Amino acid sequence: MSDLNSTNAALLPMPRLLIDGKWIDAADGATFETIDPASETVICAVARGRAEDVDRACRAAHRALSGPWRRLTPFERGRMLMRLADLVDRDIDLLAGLERRDVGKPAGEAEGDIRGVANCLRYNAGAADKMEGATIPLGPDYVDFTELEPVGVTAHIVPWNYPLGMAARSVAPALAAGCTVVLKPAEQSPLTALAFGRLCQEAGLPEGVVNIVTGYGLEAGDPLVRHPLVRSITFTGSIATGRNIYAAAAPGLTPVVLELGGKNPMIVCADADIDRATTDALDASFGNSGQVCSSASRYILHRSIRDAFLDALAAKVAQLRVGPPEDNPHLGPLASREQYEKVLGYLRLGEKDGLRLRFGGARPPGLDRGYYLAPTVFEDVDPDHPLATEEIFGPVAVACTFDDDDEAVDLANRLETGLVAGLYTRDISRALALGRRLDFGSVWINGWFIGGLQAPTGGEKSSGIGRERGLPGIRNYLRIKNIGIRI
Ligand code: NAI
Ligand code: MG
């Protein structure tokens with residue numbers, strides 16, 4: 001297949017580690033394989049970084065802080081990131097092709113993700129010279145002001161659902177702030193990060209400013225978050241790993257930004273536009289095969305529209321295509337065998353406990369290979385059942401009903417997670433009043449995936465700490481220095 005050949009060509013001389021501007025093997029020469037989840041075949045071997053490699057990367061990133069990178073003005077840094085964005089656009093076919101193969105993303109979605117990476121770089125590039133300090137009025141005898149300085153070496157640990165998108169979300173603002181970077185992609189999806197590393201070199205980023213260590217969580221991620229030279233950690237992934245990282249960061253008092261997913265409710269009131277809500281649910285629940293931290297995985301439906309909602313949704317879902325990523329279906333395979341098994345485990349549990357399956361629940365016919373699963377909804381699920389409380393991270397949603405707004409708020413808030421809540425109602429006052437009572441980092445009204453590069457995102461409660469994107473996303477990588485002068 002020409003596709004395979006171009007993938008291989010794109011990977012030369014990778015897939016090795018990028019440390020201090022050089023592509024090198026892991027210190028002990030170890031590698032691991034990355035798998036194409038559509039064909040269940042090996043794509044290629046990738047360097048398996050461990051503590052020694054992480055240490056080299058952190059030291060290189062630390063040295064780079066006092067090199068040519070430091071002498072660039074914020075404006076010049078921004079220009080360099082703009083150049084990098086243009087290179088990402090230039091190589092969009094290659095990058096989208098790698099993403100598609102590595103995690104089974106539908107072709108169009110993969111392309112959209114890469115376009116998002118370029119635009120994320122541009123947003124942060126444009127902000128690089130606009131992060132201003134303040135003057136503080138201490139009275140006639142003093143001048144007091146703040147300067148915002150780069151925090152130093154930053155660590156970025158990234159999941160596999162939007163491999164390059166998640167990397168760019170934190171790497172771009174860290175670079176805009178003048179920091180240096182050690183990036184550890186997920187072991188399931190290391191390829192686009194490596195291709196991105198080559199583009200960083202081509203864009204002229206000095207050696208050591210961006211370092212990339214591929215490998216496993218315990219072998220490469222853990223030493224990275226414990227490394228004494230790291231001054232900021234940004235992590236997206238599971239709650240359990242987020243807790244481990246927070247604990248590992250504690251001895252060094254290293255600040256963390258954690259984005260840990262959720263079990264996000266879509267509340268549909270009696271007066272909602274059902275057509276809009278169900279159309280939104282297609283992407284909200286089944287886009288990226290449901291492997292999205294902000295997916296809609298709990299439908300909280302007013303009893304009066306329960307049937308109308310589920311009937312309309314079932315009719316629309318019947319039109320969705322599940323299939324090979326290169327055919328640009330609505331749903332490709334799940335990203336890995338591990339994730340597939342995890343989701344199947346939840347489906348088995350639902351069956352065992354006699355949950356009512358509205359549709360889906362199995363591998364679609366005609367797809368014998370690859371980690372494919374049909375869009376699935378269980379109805380009338382007990383809010384305490386694990387399918388209603390745990391993040392499944394697959395194309396699976398559960399529905400329950402409510403009778404009044406207080407009950408809807410209780411159902412939404414009762415879990416330990418609080419990433420995103422969505423509300424559908426034609427009564428905007430009611431929406432705003434309800435929205436204020438929801439314990440979530442984002443509340444979306446009459447739409448899903450509202451936001452983008454400019455709007456901060458992050459979770460409450462166990463869904464995380466801190467915010468990414470927008471200007472708050474850059475402030476994560478700046479420290480405030482106060483300078484006081486007696487005159
Ligand atoms: P994970 O959270 O364990 O892995 C994410 C990243 O963290 C990977 O790069 C991994 O190598 C790294 N990592 C793992 N353990 C580490 C440690 N002790 N120290 C430092 N880095 C470490 O997630 P996993 O196992 O891939 O997926 C399990 C579940 O997590 C999914 O089923 C889903 O529910 C959730 N998840 C949520 C995501 C989100 O967007 N919030 C993204 C990916 C997974
Ligand atoms: Mg893979």
Side-chain angles (χ1 to χ4, degrees), residues 32 34-35 37 46 48-51 54 102-103 113 155-167 169-171 182-193 212-227 230 233-250 254 256-264 287-295 297 334-346 371 373 386-387 389-396 415-420 441-442 449 457-459 462-466 468-469:
F32 66 97
T34 188
I35 309 289
V46 180
R48 181 168 176 170
R50 291 190 231 244
V54 167
D102 219 358
V103 292
D113 287 3
H156 306 257
I157 299 186
V158 171
W160 40 262
N161 53 339
Y162 292 89
L164 195 55
M166 291 289 147
R169 182 161 99 174
S170 61
V171 167
V182 179
L183 167 64
K184 195 207 82 66
E187 54 271 34
Q188 296 86 348
S189 55
L191 299 180
T192 43
I212 302 173
V213 180
T214 48
Y216 289 95
L218 285 177
E219 293 177 358
D222 184 67
L224 177 57
V225 297
R226 290 179 193 277
H227 200 283
V230 167
I233 298 163
T234 306
F235 167 74
T236 304
S238 65
I239 294 173
T241 297
R243 289 202 170 102
N244 289 337
I245 287 177
Y246 200 16
T254 313
V256 294
V257 175
L258 305 174
E259 207 275 71
L260 308 179
K263 184 76 175 177
N264 309 300
N288 209 33
S289 291
Q291 302 165 119
V292 188
C293 52
S294 49
S295 70
S297 48
L334 298 189
S336 67
R337 168 171 294 280
E338 205 182 4
Q339 191 58 29
Y340 188 57
E341 297 290 343
K342 177 183 164 184
V343 178
L344 288 180
Y346 278 108
Y371 309 129
L373 214 51
L387 265 76
T389 62
E390 294 173 15
E391 183 179 55
I392 297 175
F393 225 61
V396 182
L415 302 187
E416 63 160 337
T417 48
L419 188 60
V420 170
S442 300
F449 297 133
T457 182
S462 295
S463 286
I465 296 176
E468 292 195 78
R469 302 198 309 211

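Whatever order the structure lists them in is the order used to number ligands and atoms, beginning at 1. Keep in mind it's a predicted model, so treat the numbers as computed, not measured.
Nearest residue to atom 7 (O) of ligand 1 from Tyr162, Phe235, Tyr216 is Phe235 (criterion: closest heavy atom). Evaluated by nearest non-hydrogen atom to atom 23 (O) of ligand 1, the leading choice among Ser238, Pro185, Ser336, Ala186 is Ser238.
Contact atoms of ligand 1 toward Gly221: 19 (N), 20 (C), 21 (N) (distance under 4.0 Å to a heavy atom of the residue). Near Ile245, the atoms of ligand 1 lying under 4.0 angstrom from a non-hydrogen atom of the residue are 19 (N), 20 (C), 21 (N). The contact set between ligand 1 and Pro159, taken as ligand atoms under 4.0 Å from a residue heavy atom, comprises 42 (C), 43 (C). Short contacts between ligand 1 and Glu391, defined as distances under 4.0 Å to a heavy atom of the residue, involve ligand atoms 33 (C), 34 (O), 35 (C), 37 (C). Against a heavy-atom cut-off of under 4.0 Å, Gly261 is close to the following atoms of ligand 1: 41 (N). Residue-ligand proximity, Gln339 to ligand 1, at heavy-atom distances under 4.0 Å covers atoms 31 (C), 32 (O). Below 4.0 Å from some heavy atom of Gln188 lie the following atoms of ligand 1, by number and element: 26 (O).
Taking the six-membered ring where tryptophan is involved, the planes of Trp160 and Phe393 are perpendicular, since the angle between them exceeds 60° and thus also 30°.
Here the CG atom belonging to Asp102 is positioned 6.5 Å from the OG1 atom belonging to Thr192, to the nearest 0.5 angstrom. Atom-to-atom distance recorded for Arg50:CZ and Leu218:CG is 11.5 Å, nearest 0.5 angstrom. We find the OH-CZ distance between Tyr371 and Arg337 to be 4.0 Å, quoted to the nearest 0.5 Å.
Scanning the protein for heavy atoms near atom 11 (O) of ligand 1, the closest one is Glu187 OE1, 2.6 Å. Regarding atom 9 (O) of ligand 1, its nearest protein heavy-atom neighbour is Val158 O, 2.8 Å. Among all protein heavy atoms, the one lying closest to atom 32 (O) of ligand 1 is Lys342 NZ, 2.6 Å. The nearest heavy-atom contact from the protein to atom 17 (C) of ligand 1 is Gly217 O, 3.7 Å. Nearest non-hydrogen protein atom to atom 12 (C) of ligand 1 is Ile157 CG2, 3.6 Å. Taking atom 27 (O) of ligand 1 as the reference point, the nearest protein heavy-atom neighbour is Trp160 NE1, 3.9 Å. Of the protein's heavy atoms, Leu218 CD2, 3.7 Å lies nearest to atom 18 (N) of ligand 1. Summary of contacts: the protein heavy atom closest to atom 3 (O) of ligand 1 is Thr241 OG1, 2.8 Å.
Of the candidates Glu259, Arg469, His156, His156 is the only one forming a side-chain hydrogen bond (donor to acceptor under 3.5 Å, both in side chains) with Ser170. The side chain to side chain contact (heavy atoms under 4.5 Å, CB included) test with Phe235 singles out one residue from Ile465, Val158, Val257, Thr241, and that residue is Thr241.
By the neighbour-count criterion of 12 heavy atoms within 6.0 Å, atom CZ of Phe449 is densely surrounded, having more than that number from other residues, nucleotides or ligands. Open room surrounds CD on Glu338; 12 or fewer heavy atoms of other groups in view lie less than 6.0 Å from it.
Proximity of a side-chain donor or acceptor of Thr457 to a complementary backbone N or O of Glu468 within less than 3.5 Å is not detected. One N or O on the side chain of Asn264 and one on the backbone of Ser295 form a donor-acceptor pair closer than 3.5 Å. Proximity of a side-chain donor or acceptor of Thr214 to a complementary backbone N or O of Arg48 within less than 3.5 Å is not detected.
When heavy-atom distances to ligand 1 are checked against a 4.0 Å cut-off, Leu260 comes that close only through its backbone atoms N, CA, C and O.
Two residues are said to be in side-chain contact when any heavy atoms from C-beta on lie closer than 4.5 Å; Thr254 and Val225 fail this criterion.
The closest approach between any non-hydrogen atom of Val225 and ligand 1 is not below 4.0 Å.
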